[in-house]
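Notes follow the structure.
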Amino acid sequence: VSTQSTGAGSPPVYTFESSWEVCNKVGGINTVIRSKAAVTTQELGDKYYLLGPYVEEKMRFEVELGEPEDYYVRSAVHAMRDRGIKVVTGQWLIEGSPKVILFDLGSSWNRYSTRCGANCLNIETLPIDDCLFLPPSA
């Protein structure tokens with residue numbers, strides 16, 4: 001997901017890459033992410049974030065915890081935490097040290113799945129502005 005800036009006073013451009021295997025080695029995708037992290041971080045700078053699941057036993061030794069320095073990202077993380085979602089942020093301790101935002105999906109699943117029901121899976125109901133969703137590459 002990339003957010004686009006629309007001019008002066010707009011939030012900067014971000015790139016968010018999400019995968020179940022960010023800080024969570026399950027299969028080969030973790031190797032792909034690790035292998036490109038340094039180059040991607042160098043090219044995209046401090047507006048590049050990897051999003052993944054919070055799996056404590058796997059991330060405990062792989063993430064240096066820290067709060068996002070970026071105002072917009074920090075505000076979004078705090079808003080999620082205020083809504084009961086456990087969010088952990090920091091830098092993945094791999095080459096390139098990409099920034100990560102990890103979500104404990106169980107921390108709010110019951111609350112949100114019962115509230116939105118079938119609409120949770122309907123992307124048309126999500127209030128997302130200025131985002132570009134890219135399909136996974138084949």
Side-chain angles (χ1 to χ4, degrees):
V1 176
S2 292
T3 63
Q4 301 295 321
S5 175
T6 57
S10 297
V13 175
Y14 297 91
T15 300
F16 297 95
E17 183 173 358
S18 65
S19 173
W20 190 254
E21 296 207 22
V22 170
C23 304
N24 181 36
K25 184 164 178 51
V26 177
I29 298 301
N30 182 276
T31 303
V32 172
I33 295 168
R34 284 174 176 266
S35 68
K36 68 179 192 154
V39 171
T40 307
T41 301
Q42 183 178 7
E43 288 179 1
L44 299 176
D46 64 349
K47 302 298 186 230
Y48 173 61
Y49 292 84
L50 290 167
L51 311 177
Y54 171 79
V55 181
E56 184 172 347
E57 60 274 5
K58 292 186 179 181
M59 63 75 57
R60 191 177 327 172
F61 303 107
E62 292 200 39
V63 175
E64 181 179 337
L65 300 177
E67 288 298 301
E69 293 178 12
D70 183 272
Y71 169 79
Y72 296 105
V73 174
R74 186 175 57 251
S75 296
V77 166
H78 288 182
M80 287 183 276
R81 288 176 179 157
D82 290 346
R83 288 170 177 78
I85 301 169
K86 181 175 182 177
V87 182
V88 175
T89 59
Q91 289 187 295
W92 194 359
L93 299 175
I94 61 173
E95 189 176 350
S97 302
K99 296 176 183 178
V100 295
I101 303 173
L102 306 174
F103 303 90
D104 181 351
L105 302 177
S107 66
S108 61
W109 177 253
N110 289 335
R111 177 178 169 194
Y112 286 99
S113 65
T114 56
R115 191 178 100 200
C116 66
N119 286 333
C120 281
L121 301 178
N122 183 353
I123 197 163
E124 293 174 7
T125 65
L126 298 175
I128 300 174
D129 297 324
D130 300 323
C131 289
L132 169 64
F133 289 88
L134 302 174
S137 57

Decide side-chain contact (heavy atoms from CB on, under 4.5 Å) for V13 and K47; before the verdict, give the C-alpha distance in whole Å, the side-chain angles of both, and the deciding distance to 0.1 Å. CA-CA 7 Å; V13 175; K47 302 298 186 230; over 6 Å; no
Is there a side-chain contact (heavy atoms from CB on, under 4.5 Å) between E67 and H78 once you walk through the steps? CA-CA 10 Å; E67 288 298 301; H78 288 182; 3.3 Å; yes
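Judged purely by atom type and a 3.5 angstrom limit, K58 has no side-chain atom pairing as donor or acceptor with the backbone of C23. When atom types are taken as modelled, the side chain of S35 and the backbone of V32 share a donor-acceptor pair closer than 3.5 angstrom. Panel note: side chain N30, backbone E21; a donor-acceptor pair is recorded below 3.5 Å.
Classified by interplanar angle (parallel below 30°, tilted 30° to 60°, perpendicular above 60°), the ring pair Y49/Y14 is tilted.
Salt bridge status for K36 with E17: present, with a side-chain N to carboxylate O gap under 4.0 Å.
Contact record, S107 with D104: OG-O, 2.6 Å, taken as the closest heavy-atom pair.
Both L65 and L102 are assigned to one and the same hydrophobic cluster, defined by single-linkage of ILVMFWY side chains at heavy-atom distances under 4.5 Å. L105 is not connected to V22 by any chain of hydrophobic side-chain contacts under 4.5 Å among Ile, Leu, Val, Met, Phe, Trp and Tyr, and they are in different clusters. Following chains of ILVMFWY side-chain contacts shorter than 4.5 Å, one cannot reach V39 starting from I94, and the two form parts of different hydrophobic clusters. Clustering ILVMFWY residues whenever any of their side-chain heavy atoms sit less than 4.5 angstrom apart, transitively, puts I101 in the very cluster that holds I85.
The line from OG of S75 to CG of D82 is 10.5 Å long, rounded to the nearest 0.5 Å. A distance of 6.5 Å separates CD1 in I29 from OG in S19, rounded to the nearest 0.5 Å.
Listed by first and then second residue, the side chain to side chain donor-acceptor pair (under 3.5 Å) pairs involving residues 88-99 are E62-W92 (not counting sequence neighbours).
Under a cut-off of 6.0 angstrom, the local environment of CD in E57 is crowded, with over 12 non-hydrogen atoms contributed by other residues, nucleotides or ligands.
Cluster partners of V55 are absent, since no Ile, Leu, Val, Met, Phe, Trp or Tyr has side-chain heavy atoms less than 4.5 Å from it. The hydrophobic cluster analysis finds L93 isolated: no Ile, Leu, Val, Met, Phe, Trp or Tyr side chain comes under 4.5 Å of it, directly or through other members.
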